[in-house]
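The structure appears right after this line, and notes come after that.
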Amino acid sequence: MLKKENRLKKNKHFKYIYKNGETKVLNKLCLTYIKTKFKTYKVGFSVSKKIGKSVVRNKVKRRLRQSFICLQNQVNKKYNYIFVAREGIENMSFLEIKENMKNLIKKCELLNENI
RNA sequence: ACAGUUAGCCAGAUGGUCGCAGUAUAGCUAUGAUGGCUAUAAUGAGGAAAGUCCGAGCUUCAUAGAACAGAGUGCCAGUUAACUGCUGGUGAAGGUGACUUCAAGGAAAGUGCAACAGAAAAUAUACCGCCUAAAAGGUAAGGUUGAAAAGGUGGUGUAAGAGACCACCGCUUGUUUGGUGACAAACGAGGCAUUGUAAACCCCACUCGAAGCAAGGUUAAAAGAAACGUUUAUGUUGUUCGCAUUGUUUCUUAAAAACACCGCUUGAUUAUAUUGGAAACAAUAUAACUAGAUAGAUGACCAUCAAAUACAGAACUCGGCUUAUAGACUAACUGUCAAA
RNA sequence: GGAAGAGUGUCAGAGUGGUCGAAUGUGCCAGUCUCGAAAACUGGUGUACUUUAAAAGGUAUCGUGGGUUCAAAUCCCACCUCUUCCG
């Protein structure tokens with residue numbers, strides 16, 4: 001799991017990022033990001049009720065978290081991120097999601113490959 | 001062997017690497033705050049956690065108040081904290097059977113409804129018919145309609161007919177016996193009057209105050225703006241009475257006006273044994289403490305088990321009901337066929 | 001987590017248990033009008049299966065499945081889907 005300080009929690013923060021951040025979409029995964037005001041970066045995940053029942057939603061959320069943990073060290077740490085799942089993601093395997101996330105971050109030019 | 005009925009049980013396991021949650025212990029740090037970080041330890045979703053359909057605990061709302069309205073239940077006995085639940089029985093219906101199902105009081109307290117068709121839909125003014133020569137009547141056997149037509153079948157009887165009378169069956173009703181009781185059986189009597197519908201209104205008996213952990217409480221509580229109101233407003237399910245509070249509500253800014261902490265998990269708890277009971281269930285003894293999150297904890301990868309998983313994720317807590325469900329197992333019983 | 005409400009032709013939306021496949025509007029089709037269109041006016045029109053040479057007919061269907069009733073879109077029960085409200 002992510003550490004507590006790296007999680008987005010407040011509804012207010014989510015609203016702020018949605019309002020002011022930039023959004024990009026790739027293959028049923030959506031990323032909204034903005035420069036951070038906190039000491040470290042923060043990440044949030046959003047999975048809506050459209051995707052399925054609670055079991056399915058939990059599964060998707062866990063896979064998203066796990067994929068982010070794998071990419072954690074390669075990501076630019078001066079930004080806040082929200083990942084939003086779209087319909088169809090429940091049929092993708094873990095590896096597909098991980099690969100997809102990596103490409104999405106690359107597309108936003110936030111991937112720091114030197115570190 | 002095949003086909004079934006009932007009851008019960010399991011809900012992938014083991015090992016390795018990384019990672020999460022609260023708890024306990026130790027250390028470091030220092031917040032408005034019971035905070036934050038690191039290490040170690042053991043623990044960490046279900047049989048339905050689901051639907052929210054019933055019932056309770058718990059909390060708040062005058063005194064837990066009054067009346068009317070409203071809602072629910074409905075064979076009998078037992079059981080439970082409580083229930084529309086459960087257990088056993090009675091009756092009815094279904095099945096060859098094991099067995100299963102049932103909102104199963106009252107239509108003789110009253111009101112309503114029964115379309116179309118039909119003579120007539122409940123007070124029979126009787127259409128065709130039958131009978132008396134006709135008139136005026138008698139008749140409810142036969143006909144047609146309809147979901148339903150005024151006890152049924154067979155005889156006696158008659159002008160023709162009719163429970164008018166008789167036998168059997170059904171119905172109503174009385175007594176006796178058995179049973180705690182629902183009810184059953186036996187023996188008589190009536191001579192059939194009074195169709196169906198109460199998951200139509202209703203009557204009878206019993207039960208129900210309301211809202212829900214987003215309940216509600218604790219600490220702290222700065223500045224600005226708007227709306228309503230001056231005995232109104234708000235709360236107490238609907239209405240009336242009665243009662244309580246004295247301002248109430250909303251928005252903006254700063255971590256924040258709770259997004260902190262309590263409520264929150266030791267409980268009608270779980271496991272085992274014994275006793276009582278036909279069973280549901282109850283009593284006693286011993287042992288155990290077993291999730292408590294708040295953008296919301298169980299995941300990712302690898303190996304083995306022939307193969308590999310269905311329905312599905314705690315959100316204050318229990319007892320039921322209902323619905324979803326791959327695969328595997330246990331026990332008892334029934335029918336058919338074959339062989340001995 | 002808790003509390004309410006809704007589901008009827010293509011779409012919107014009425015509907016006392018009985019002549020209801022079901023008012024009305026909209027959409028679609030045909031006609032009148034016009035040089036041609038629009039508007040207006042008139043008439044028709046749900047879907048599936050079945051039967052027939054065709055017309056006319058028959059059966060089912062008011063979210064799904066049961067029940068009460070002679071008879072259910074309507075009454076009762078269970079389930080499914082959608083919507084709204086409570087910080």
Side-chain angles (χ1 to χ4, degrees):
Chain A
M1 267 311 274
L2 289 162
K3 306 262 161 130
K4 259 189 177 175
E5 58 178 6
N6 294 338
R7 291 187 217 162
L8 267 178
K9 287 190 176 181
K10 315 262 173 185
N11 194 19
K12 208 175 170 184
H13 300 156
F14 273 84
K15 275 183 181 170
Y16 176 80
I17 294 172
Y18 280 133
K19 207 174 175 183
N20 303 317
E22 289 185 55
T23 304
K24 294 206 173 173
V25 183
L26 180 69
N27 206 356
K28 287 165 188 172
L29 193 65
C30 178
L31 172 62
T32 307
Y33 60 96
I34 194 167
K35 273 198 176 176
T36 185
K37 287 182 178 177
F38 306 103
K39 291 173 187 173
T40 59
Y41 65 103
K42 293 203 177 209
V43 187
F45 301 93
S46 175
V47 183
S48 84
K49 260 189 179 177
K50 278 182 191 172
I51 283 166
K53 299 192 171 183
S54 50
V55 175
V56 177
R57 291 201 305 267
N58 266 339
K59 202 171 195 178
V60 169
K61 227 187 240 183
R62 283 178 196 136
R63 280 178 172 170
L64 287 176
R65 274 200 215 105
Q66 190 63 33
S67 344
F68 190 81
I69 287 167
C70 296
L71 301 167
Q72 207 169 4
N73 294 327
Q74 306 175 20
V75 161
N76 193 328
K77 295 192 177 175
K78 291 178 181 173
Y79 283 82
N80 289 335
Y81 306 91
I82 299 177
F83 291 93
V84 179
R86 296 202 167 171
E87 286 176 79
I89 200 169
E90 67 269 18
N91 296 324
M92 293 165 77
S93 74
F94 171 73
L95 287 174
E96 284 176 314
I97 290 174
K98 190 178 171 186
E99 201 56 30
N100 192 8
M101 187 181 269
K102 196 175 179 181
N103 291 334
L104 180 58
I105 294 169
K106 211 181 232 173
K107 189 182 175 188
C108 300
E109 298 173 357
L110 297 170
L111 205 58
N112 198 342
E113 296 189 34
N114 302 331
I115 300 171

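Within every chain, numbering begins at 1; the chains are lettered A, B, ... in the order of the sequence lines, protein sequences first and strands thereafter.
For A/R62 and B/A45, the CZ to C1' distance is 10 Å, given to the nearest whole Å. Distance NZ (A/K59) to P (B/A300): 7 Å, rounded to an integer number of Å. B/A297 atom P lies 13 Å from atom CG of A/L64, rounded to whole Å. When the P atom of B/C301 is taken as reference, atom CD1 of A/I97 falls 10 Å away, rounded to whole Å. In this structure, A/E99 places its CD atom 18 Å from P of B/A300, rounding to the nearest Å. Taking atom NZ of A/K98 as the reference point, atom C1' of B/C301 lies 9 Å away to the nearest angstrom.
Pairing of B/G292, defined by two Watson-Crick or G-U wobble distances under 3.5 Å, is not identified with any nucleotide. Across all strands shown, B/A7 forms a Watson-Crick or G-U wobble pair with B/U330, both key distances being under 3.5 Å. Remark: B/G27 base-pairs with B/C37. Criterion, Watson-Crick or G-U wobble with two distances under 3.5 Å. When both pairing distances are held under 3.5 Å, B/A280 makes no Watson-Crick or G-U pair with any nucleotide shown. Base pairing of B/A162: no nucleotide in any strand meets the Watson-Crick or G-U wobble criterion (both distances under 3.5 Å). Under the Watson-Crick or G-U wobble criterion, with both distances below 3.5 Å, B/C316 is paired with B/G57. With a cut-off of 3.5 Å on both pairing distances, the Watson-Crick or G-U wobble partner of B/U272 is B/A285. Nucleotide B/G22 forms a pair with no other nucleotide shown, judged by Watson-Crick or G-U wobble geometry with both contacts under 3.5 Å.
Remark: A/R63 is not in phosphate contact with B/G299, judged by side-chain N or O atoms under 4.0 Å from OP1 or OP2.
A heavy-atom distance below 4.5 Å is not found between the side chains of A/K98 and A/K102. Using a 4.5 Å heavy-atom cutoff, the side chains of A/L31 and A/M101 are not in contact.
Both A/V56 and A/F83 belong to a common hydrophobic cluster when Ile, Leu, Val, Met, Phe, Trp and Tyr are linked at side-chain heavy-atom distances under 4.5 angstrom.
Taking the C1' atoms as reference points, B/G91 lies 41 Å from B/C10, given to the whole Å. Spacing between B/A280 and B/A13 at atom C1', rounded to whole Å, works out to 38 Å. Rounded to the nearest Å, the gap between the C1' atom of B/G235 and that of B/U249 is 15 Å. Across B/U334 and B/U100, the matching C1' atoms stand 14 Å from one another, rounded to whole Å. Using C1' as the reference atom, C/U74 and B/A199 are 13 Å apart when rounded to the nearest Å. B/A48 and B/G22 have their C1' atoms separated by 26 Å, given to the nearest Å. Nucleotides B/G78 and B/A332, compared at atom C1', are 27 Å apart to the nearest Å. Taking atom P on both B/U153 and B/G143, the two are 11 Å apart, rounded to the nearest angstrom.
Between A/K24 and A/L104 the shortest heavy-atom distance is O-CD1, 4.1 Å.
The glycosidic torsion of B/G51 lies more than 90° away from 0, placing the base in the anti range. Taking 90° from 0 as the syn/anti boundary, the base of B/U63 is oriented syn. Applying the 90° criterion around 0 to the glycosidic angle, B/U290 comes out syn. For B/A254, the glycosidic angle deviates from 0 by more than 90°, giving an anti base. Using a 90° window around 0 for the glycosidic torsion, B/U275 falls outside it and is classed as anti.
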Q. Could you write out RNA chain C as a dot-bracket string, with dots for unpaired bases, | for bases paired across to another strand, and Watson-Crick or G-U pairs counted at under 3.5 Å?
A. ((((((((..[[..)..(.....]].((((((.......))))))(((((......))))).[[[[[..)....]]]]]))))))).

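The CG atom of A/N100 sits 10.0 Å away from atom CG of A/L64, with the distance rounded to the nearest 0.5 Å.
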